[in-house]
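Order of the sequence lines sets the chain letters (A, B, ...), proteins ahead of strands, with each chain counted from 1.
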Number of protein chains: 2
Amino acid sequence: MSQSCDREGLARVRMAALERRELLVQAALRVIAREGVAAATTRAVVAEAGMPLASFHYVFHSRDELIADLIRYVVDDEASAARAALSIEGDLPTTIRNGLKAFIDIVAADPLREQAMLELTQYALRTPELSESARIQYESYYRAAAGILEAAAGQLGIEWKRPIPEMARILITFTDGLTLGWLVDRDMAATESVIDFAADALSALAFPKEGGDR
Amino acid sequence: MSQSCDREGLARVRMAALERRELLVQAALRVIAREGVAAATTRAVVAEAGMPLASFHYVFHSRDELIADLIRYVVDDEASAARAALSIEGDLPTTIRNGLKAFIDIVAADPLREQAMLELTQYALRTPELSESARIQYESYYRAAAGILEAAAGQLGIEWKRPIPEMARILITFTDGLTLGWLVDRDMAATESVIDFAADALSALAFPKEGGDR
DNA sequence: GTCTATAAGGAGATAGAC
DNA sequence: GTCTATCTCCTTATAGAC
């Protein structure tokens, strides 16, 4: 009757369950990066994590619950990676160019990971229970982009001609387009040419801040 | 021994086989648009086409052979649709804006179809035997974009500051990014704002043709 | 609490009846 | 030539032994 008394035991169990969830999420991400979303079956995931199959349904109710967790996990990752990539050097076009180049270099360093992100978005859009996850994923991207644009503006003493949310969407439009294009033909020269264009075009949307040219 | 003599019979058979292939390809496209690439099993496709299962392997060696055919089919479709969408009205920024708006309206009119195209690209990139199909798909996009840019330049009496292939890649970078963004949140106002930016930025890459301002 | 063993169903591909 | 019936394998999920 009083099975909920053992607080410490309960806490340890919940910790263990949470740990297992995270281990499975990370294993799933490795499988998806290596072989695609379709290959991330419950069996493949538990094999990757070195767990028995039954452990899966012990901590997740279904495969979709894992995918939802997975999207949350990678979105957090991606956003913090994006923030870390920003480095202000030289003038605005140079900063944008370097930033976009750094981004595409990350993609090129681990193309399968980025392909996995795209596939996850697609999968989420297809699955009614997960379509909200896709929106949250992109809101996180837009927020990260907005943060970067504001930081760049502050440090370079410029202002953007358009509201930050609009600027952020433009930036993400570029990163998405650049990523897709590079993933298909892996032509870095062509990609860099588009980056040059993007840097110039985005720079045209900035003007020097009144009274503050650092 | 002489079973290859009946030319007419052979021709009729091959015609029938080709017809069946096309019927199956179209059925597969409907299934994929409705439920995604993963749902396009051989069974689902033949059910959609109203054929028995065995007919599938009678005209295709494998599911991947169908997918490869499918990509060729939709790419042709897409390219001719793109060419047809071009209409020169007003100045260059207006033409670009209208063109991109027409493109995204096509996407918005049948989002599932465009999602299917994206999924097909992803699937092709994942499947070694099909990765060439993805490249061919994008080469077709770039060629269509190049054709449109050349036609626009000719009719508006302008020249592009960059080589046509570079311009084409920039344009496709925009359409990909716009598509992905719209598919996720379906925010047409935000999308149009990015289109406005794209129109201005691309127009900045044109200058009036010497001696010919029509 | 953990895992083995299995249920229940769907997949691609094919043999063989008509 | 066409299709029914089936083979083999792999999936998610769970029951029940330890």
Checklist entry - Distance only, no hydrogens: is a donor on one side chain within 3.5 Å (strictly under) of an acceptor on the other, for Gln26(A) and Tyr73(A)? => result yes
Checklist entry - Quick one: do the Thr121(B) and Gln137(B) side chains pair a donor with an acceptor below 3.5 Å? => result yes
Item to check | Side chain Thr127(A), main chain Leu130(A), donor-acceptor under 3.5 Å | outcome: no
Checklist entry - So, the side chain of Ser140(B) versus the backbone of Ile136(B): is there a donor-acceptor pair under 3.5 Å, distance only? => result no
Among [options], which nucleotide has an atom closest to any side-chain atom of [X]?
{"X": "Thr41(A)", "options": "dA11(C), dT11(D), dC3(D)", "answer": "dT11(D)"}
{"X": "Ala54(A)", "options": "dA11(C), dA15(C), dA15(D)", "answer": "dA15(D)"}
{"X": "Tyr58(A)", "options": "dT4(C), dG1(C), dT6(D)", "answer": "dG1(C)"}
{"X": "His57(B)", "options": "dC3(C), dA13(C), dA13(D)", "answer": "dA13(C)"}
{"X": "Arg63(B)", "options": "dC3(D), dC3(C), dA13(C)", "answer": "dA13(C)"}

Integer-rounded Å distance: [N] [atom2] and [X] [atom1]:
{"X": "Leu24(B)", "N": "dC3(D)", "atom1": "CG", "atom2": "P", "answer": "12 Å"}
{"X": "Glu19(B)", "N": "dT2(D)", "atom1": "CD", "atom2": "C1'", "answer": "16 Å"}
{"X": "Phe56(A)", "N": "dC10(D)", "atom1": "CZ", "atom2": "C1'", "answer": "16 Å"}
{"X": "Ile67(B)", "N": "dA11(C)", "atom1": "CD1", "atom2": "P", "answer": "14 Å"}
{"X": "Leu23(A)", "N": "dT2(C)", "atom1": "CG", "atom2": "P", "answer": "13 Å"}
{"X": "Leu53(A)", "N": "dG16(D)", "atom1": "CG", "atom2": "P", "answer": "17 Å"}

Checklist entry - Does any donor-acceptor pair link the side chain of Arg43(B) with the base of dG10(C) at a separation under 3.5 Å? => result no
Item to check | Result of checking Thr42(A), Ile71(A), Val59(A), Leu24(A) against Leu66(A) for side chain to side chain contact (heavy atoms under 4.5 Å, CB included) | outcome: Leu24(A)
Item to check | OP1 or OP2 of dT2(D) under 4.0 Å from side-chain N/O of Ser55(B) | outcome: no
Next on the checklist: Please determine whether a side-chain nitrogen or oxygen atom of Arg20(A) lies at a distance below 4.0 Å from atom OP1 or OP2 of dC3(C).
Outcome noted: yes
